[in-house]
Protein chains: 2
Amino acid sequence: MYYKESHTLLLNNIARFIDLTELEKQKYLSLLTEIKVKKKAFLMQAGDVTKYEYFITKGCLKVYTLDEDGAPHISMFAVEDYWTGDLASFMTKKPTRYFIKATEHSELLGISRTNYDLLFQEIPKFEKFYRILYQRSLISYIRRSNHGISLTAEERYIEFKKKYPKIVNRITQKDLAAYIGITPEFMSKIISKVNRM
Amino acid sequence: MYYKESHTLLLNNIARFIDLTELEKQKYLSLLTEIKVKKKAFLMQAGDVTKYEYFITKGCLKVYTLDEDGAPHISMFAVEDYWTGDLASFMTKKPTRYFIKATEHSELLGISRTNYDLLFQEIPKFEKFYRILYQRSLISYIRRSNHGISLTAEERYIEFKKKYPKIVNRITQKDLAAYIGITPEFMSKIISKVNRM
DNA sequence: TAAAAGTCTTAAACTAGTTCATTTTTTTTC
DNA sequence: GAAAAAAAATGAACTAGTTTAAGACTTTTA
């Protein structure tokens, strides 16, 4: 059976943890919505109740909140083959505090809350898929929330560069600063220092 | 059917997300190991391959790593009705980088990796239980890794006190400092400042 | 219950990271 | 491809949090 590129990417992502029959694959894909976001456009804004969880098939987006002073804090950069959204708002149906903005023209596959619930009824194997997906995300967030607090900004930058070498070149220094948790000015100093070494 | 106190606590924890028959409850409980840890004793040390995931029925433990300088960084305080362990080491069977030490005499129920895998075969409903458990932990870690980076130490202390009022009184200021991510000296200053306000 | 060990407080000198202001460089837009 | 807008670099003055050291208070242990 032939699938378009974006569907193949998603099916491979799922095949890491569970095996689906052709029929199940088609059923699953029928529950998804295709979404395109232009560069600088918002996928989600604070106050929205998020309708979907997203799988990125093309592009790059930044997920962030604004603090009381209006300063952005980026919690992740989402690129191809990543899942994103606001799980809290998606589950509780309460308004999100997050913004998700495309930093490149992006294409996504979204699953609505109704279809997410339906999915577990129709193909119970997906409980396992999400159990493992959340377990792995949890492991990396636990590590990150530890690291974030125990490393200096320079060490966090070096770690990020090592872990996501491709992403570093796709984002601005300013956005990287908002992710690392420092000012753009200090980010600039760190980068010139690290490059000199 | 009568269950002992520790088992009732665990069964109620599970009943938040899934319903079990009496038979399933008994089957589940039979897969668990009872563990006691004296104050100051270790449940786990860096280098160990962790054999269990733990549910705490009594007491308090601190979960931490040591950085290159030997300074501790506490990632959580685990008390009654909490789950703890090192999920990464448990899943990959690689050595852990964590220490888990009892700060009070503690009692736990542990599930081994073998029995964890068996559980999903015997009672597939547990896929759903862990899917939701990990989903919720993930939501709170995502929030925390954001907050950790955007708040000052004083704000993080006030948040912790509001969120875990009971735990604050059970731990030392020194351990709280290692959790907040500051020195004990600065923790002391913050506390006397906040109390004066 | 006395001694030892660990915890908490205070203070002075220090450093990682911020703020504000200005200039240069790069990217976007028409 | 010129003008406008945004991002990056640099530097000086500032602040949140660290380090070191010493004394007071509490808890643990023999």
Side-chain angles (χ1 to χ4, degrees), chain A residues 37-41 59-60 62 64 66-74 77 101-105 147-161 167-197, chain B residues 37-41 60 62 64 66-74 77 99 101-105 147-161 167-197:
Chain A
V37 211
K38 281 190 199 140
K39 185 167 178 171
K40 292 192 183 175
C60 181
K62 55 183 176 186
Y64 63 98
L66 294 179
D67 66 21
E68 313 85 53
D69 307 327
H73 295 275
I74 295 179
F77 298 102
K101 194 176 189 176
T103 64
E104 299 173 4
H105 172 83
H147 256 183
I149 224 156
S150 69
L151 301 182
T152 64
E154 185 176 321
E155 289 166 328
R156 275 176 274 149
Y157 166 64
I158 292 168
E159 285 254 318
F160 182 86
K161 225 174 122 176
I167 296 183
V168 179
N169 306 310
R170 287 170 77 170
I171 59 178
T172 62
Q173 258 175 240
K174 201 184 169 191
D175 280 346
L176 184 51
Y179 177 88
I180 299 275
I182 56 174
T183 58
E185 292 88 344
F186 195 52
M187 186 80 255
S188 169
K189 270 182 206 169
I190 287 174
I191 289 175
S192 75
K193 184 186 165 198
V194 171
N195 288 343
R196 253 184 288 118
M197 295 199 310
Chain B
V37 209
K38 282 192 199 138
K39 186 169 177 170
K40 292 192 182 176
C60 182
K62 56 182 175 185
Y64 63 98
L66 295 179
D67 66 21
E68 312 83 53
D69 308 328
H73 294 276
I74 295 180
F77 297 103
F99 296 82
K101 192 175 190 176
T103 63
E104 299 172 4
H105 172 83
H147 256 185
I149 225 157
S150 70
L151 301 181
T152 64
E154 185 177 321
E155 290 166 328
R156 273 176 276 151
Y157 166 63
I158 292 169
E159 285 254 316
F160 183 85
K161 227 174 122 176
I167 296 182
V168 178
N169 307 309
R170 288 170 77 171
I171 59 178
T172 62
Q173 258 174 240
K174 201 183 169 192
D175 279 347
L176 184 51
Y179 176 87
I180 300 275
I182 56 175
T183 58
E185 291 88 347
F186 194 51
M187 186 82 255
S188 171
K189 268 185 207 169
I190 287 176
I191 289 176
S192 75
K193 185 187 165 197
V194 171
N195 288 345
R196 255 183 288 118
M197 295 200 306

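Every chain is numbered from 1, with letters handed out A, B, ... down the list of sequences.
Looking at Y157(B) and L176(B), their side chains come closer than 4.5 Å, going by heavy atoms from C-beta outward.
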The test is side-chain contact (heavy atoms from CB on, under 4.5 Å); show your working for D175(A) and Y64(A) and say whether it passes.
CA-CA 10 Å; D175(A) 280 346; Y64(A) 63 98; over 6 Å; no
Given protein heavy atoms under 4.0 Å, the one-letter contact record of nucleotides 3-18 of chain D, with B base, S sugar-phosphate only and - none, is simply ----SSBB-B----BB
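Between Y179(B) and F160(B), the ring planes lie tilted relative to each other; the angle falls in the 30° to 60° range.
A donor-acceptor pair is defined here as one N or O able to donate and one able to accept, closer than 3.5 Å; no such pair exists between the side chain of D69(A) and the backbone of A71(A). With hydrogens and angles disregarded, a donor-acceptor distance shorter than 3.5 Å links the side chain of R170(A) to the backbone of G59(A).
The interatomic distance linking D69(B) (CG) with dT20(D) (P) rounds to 11 Å, in whole Å.
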